[in-house]
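This structure is in structure tokens; I'll ask about it shortly.
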Amino acid sequence: MQSLDQLKILIADDNDSDRMILSSIIKQQGHCVIEAYDGINAVEVYQRERPDIVLLDVIMPNMDGMDAAKAIKSFAGEKMVPIIFLTSLTDASSLAKCLDSGGDDFLSKPYNKIILQAKINAFSRMRNMHATLQKQRDIIAINNKHLLHEQQVAKAVFDNVAHSGCLNAVNLKHHISPLAIFNGDVLLAARKPSGGMHLLLGDFTGHGLPAAIGAMPLAEVFYGMTAKGFSLTDITREINAKLKSILPLGVFCCACVMDLSFRKKTLEVWLGGLPDCYLYRSESGTRESLASTHLPLGVLGAEAFDASTTKLKMDINDRFFAWSDGIHEARNANHEMFGDERLMKVFEQNLPVDELFDGVLTSVENFVGSCEQDDDLTLFEVSMVQEELLEGADISIVAGSVQGPMDWKMTYELRPETLKNYNPLPLILHVLMEVPGLRPISGQLYTLLVELFSNAFEHGVLELDSSLKKTSDGFSEYYKLRTQRINALSVGEIKITLDHKHTKDGGRLIIIVEDSGNGFDISSIRSIDGCTYYGRGINLIASLCNSFEFQGKGNIVQAELLWNHD
Amino acid sequence: MSNIEKHLDVAMLNELKEIMENDFLSLLETYLSDSDQRIKALSVLLETTNFEEIGQSAHSLKGSSSNIGAHVLTNYFKQIEEAVSSNQTGELTVFFTQAAEEYQHVKKHLLSLC
């Protein structure tokens, strides 16, 4: 039988002839032999030579084999040193005692060469396996350390992104684990430059780094856009689009996004995928639920996404509660969940309004008991207060300019080739969004631009008649014609002019859209009521701006909007 | 059975020859000089009541004799060891005499192999 690799083997036997026989057997197998003549000598030689395997006679003078075995095993420490007892004992209890003292096997006298060699091979294989296991254990330990370090770095990056928030404002209470980011839980709060607050509670799917990674772009967009004065719907839409584009399939963020206005005493809420929120009215002591009406963020594409919000009236001291499902899904030792009913009960206990928040937490903690806490509890309370109670918003740290361009004029002229296949409106809107005062009305502006531009394009340039659209046959005829005329387009222009000026209270924007078409009889408009002359009609345009008028042949529209510092 | 086989396991000795190669004779010499010493020491011990040491000595001689193939001698030493452990120390001298005699046979045969 071939042996595996060369080993150093210690033979400890007080009998000279026995030692000689063993030594020869083992040398013949190709291994290297060192000898000892009693227990004390065996331990000494072990420490000095550090052999791979030890053969120990049980009964030796000065220190017997079993004590020597104990000593050798303790010197070996973590390293595996197989010890084979040499014995002519035959009774079971003595043999068992040998193994209990740290021996791994025994070899009886008279020595059998084949058996000894086989045992040495077996232990050699075991030693190799043990060494491999230890190496792998060490690699795993290093990898774990790296993972932990990565998480710490991720957390530090996230904290930097999130630090500009106002979670410590007097009207907010929150509970969230410091490492909640790795459970996918996020809590953001920011003062708006115009007053009021934007708030967000998010719960990403997954755990660990994958759950945390979506939180960074989310926080960036939330804080960045809030600071620049964008509306809640714009921000929610933007976050959804960003998450949809970067998160893999099946990863999304359940969220509650809120716009708190102290001036109007309202809370606007977008709720997608999280459990019901509660609104507690402090005067009557009653509780209303607000259920989720949307899919979580990051699921739907931009066209299908619904950014509509629910508007709630909040009086002073009314409280709005939002939470991740960690509360409902907290388990006790019997694997029961805390659930909706227990949560509702907390609000029926007639607690003073200030104690509701802690009441919820205590109730969950008592329920879970001494069971291993997941610490997956994220709880948020928003109170309506007098705005003066809040510390001044620190606008200086806010990213981006506060003023923006206030006094300017810009003209964009589009010729046939471009009109065929380019939509200039996103760019126009982008230019307008550079003015902070226009950001809150971005939706309104965009709708107005779409109206004016499509009228100019379809009626002015393509000379389509919108009365066709009254019947369903005419409808498809209209769009067939539209496509034909676009493909054939070779003459025609649209000119868009933007003119913005500073005013005492804020700013004034003039939008002029001029097309190269024949226009229409302006005077006919006064008599048309809710007319359908141009697409959806003049009433829509009228509702989107402060004033407007047709000029020239009717091929020029000028609309004026005013905005105030809110 | 030939004479040598009454006292020694010849097959085992042949195997030992293979294992020891050039050191076979050296092994026999070592065994014989070691055993001479131990048996002399044992006879002295028997005049004491140090039964524990008697037992250990017999145990050791039993082991080395088994390794050399002296099966009968091994049993005699085993007898002594068991008498000590079961506290039947009356027969010890008789058992020892048996062992000592058998040893002489073994010695004679081993020397003839040198």
Side-chain angles (χ1 to χ4, degrees), chain A residues 1 3 9 11-31 33 35 37-39 55-67 84-95 97-98 106-118 120, chain B residues 8-9 11-39 41 45 50 52-75 77-82 84-86 106-107 110:
Chain A
M1 202 187 303
S3 52
I9 302 187
I11 304 175
D13 192 328
D14 63 327
N15 195 295
D16 297 340
S17 56
D18 288 349
R19 267 202 325 273
M20 281 180 76
I21 297 173
L22 274 177
S23 179
S24 289
I25 294 177
I26 293 174
K27 280 193 190 137
Q28 268 194 356
Q29 210 180 356
H31 299 300
V33 172
E35 301 187 21
Y37 49 80
D38 68 22
L55 270 51
L56 271 182
D57 195 5
V58 177
I59 301 190
M60 286 188 285
N62 298 328
M63 188 200 272
D64 69 18
M66 291 193 264
D67 288 337
I84 304 178
F85 278 115
L86 308 164
T87 179
S88 47
L89 293 168
T90 46
D91 61 301
S93 63
S94 307
L95 294 173
K97 219 166 128 209
C98 288
F106 41 80
L107 183 75
S108 43
K109 303 190 199 193
Y111 299 140
N112 184 309
K113 164 179 145 169
I114 295 175
I115 291 183
L116 175 58
Q117 290 183 340
I120 289 178
Chain B
L8 286 164
D9 183 337
M12 191 171 193
L13 279 172
N14 284 330
E15 211 184 288
L16 268 182
K17 233 189 257 182
E18 262 185 57
I19 291 173
M20 300 309 299
E21 294 174 335
N22 297 330
D23 293 324
F24 183 67
L25 293 182
S26 168
L27 172 68
L28 296 185
E29 280 166 18
T30 307
Y31 169 75
L32 290 172
S33 79
D34 186 60
S35 303
D36 283 341
Q37 251 186 314
R38 286 180 187 257
I39 288 175
L45 272 176
N50 197 339
E52 196 182 322
E53 277 199 44
I54 291 172
Q56 278 183 5
S57 175
H59 176 88
S60 188
L61 280 161
K62 177 186 80 176
S64 55
S65 304
S66 74
N67 270 324
I68 213 85
H71 46 93
V72 179
L73 182 60
T74 303
N75 277 332
F77 284 127
K78 184 170 172 193
Q79 223 172 25
I80 296 175
E81 188 186 13
E82 282 174 355
V84 166
S85 66
S86 61
V106 167
K107 183 167 176 177
L110 286 179

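All chains are named by letter (A, B, ...) in the order of the sequence lines, taking the proteins before the strands, and each is independently numbered beginning at 1. Keep in mind the model is a prediction, meaning the values are calculated, not measured. The analysis underlying the following values was restricted to heavy atoms, covering all of them including side chains, and did not include hydrogens, waters or symmetry mates.
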**Asked** Among residues 27-35 of chain B, which ones touch chain A with a heavy-atom distance under 4.5 Å?
**Response**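 The list, in residue order, reads B/L27, B/T30, B/Y31, B/D34.
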
**Item:** Within residues 15-23 of chain A, residues adjacent to chain B where the heavy-atom gap is under 4.5 Å
**Value:**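 The stretch touches chain B at A/N15, A/D16, A/S17, A/D18, A/M20, A/I21.
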
**Message:** Which atoms of A/D14 are under 4.5 Å from chain B, going by heavy atoms: the side chain, the backbone, both sets, or neither?
**Reply:**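 Both parts, heavy atoms under 4.5 Å.
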
**Prompt:** Checking B/S26 against chain A: side chain, backbone, both or neither under 4.5 Å from a heavy atom?
**Reply:**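 When you check distances to chain A, atoms from both the backbone and side chain of B/S26 fall under 4.5 Å.
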
**Message:** As an exercise: rank A/S24, A/P61, A/S108 by heavy-atom pairs under 4.5 Å with chain B and give me the winner.
**Reply:**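 Winner by heavy-atom pair count: A/S24.
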
**Message:** Please enumerate all residues that pass salt bridge (Lys or Arg N to Asp or Glu O under 4.0 Å) together with B/D23, with sequence neighbours excluded.
**Reply:**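 Expected list: none.
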
**Prompt:** In residues 15-22 of chain B, which residues are in contact with chain A at a heavy-atom separation under 4.5 Å?
**Reply:**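 Within residues 15-22 of chain B, near chain A: B/E15, B/L16, B/E18, B/I19, B/M20, B/E21.
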
**Request:** Using a cut-off of under 4.5 Å on heavy-atom pairs, state which of B/G63, B/S64, B/G69, B/S60 scores highest against chain A.
**Result:**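 If we count pairs closer than 4.5 Å to chain A, B/S64 comes out on top.
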
**Prompt:** Top residue by heavy-atom pair count (under 4.5 Å) with chain A, among B/K78, B/Q56, B/R38?
**Reply:**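 Among B/K78, B/Q56, B/R38, the one with the most close pairs to chain A is B/R38.
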
**Prompt:** Under the 3.5 angstrom rule, does the side chain of B/N67 hit a backbone N or O of A/Y111 as a donor-acceptor pair?
**Reply:**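 Between the backbone of A/Y111 and the side chain of B/N67 there is a qualifying donor-acceptor contact (under 3.5 Å).
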
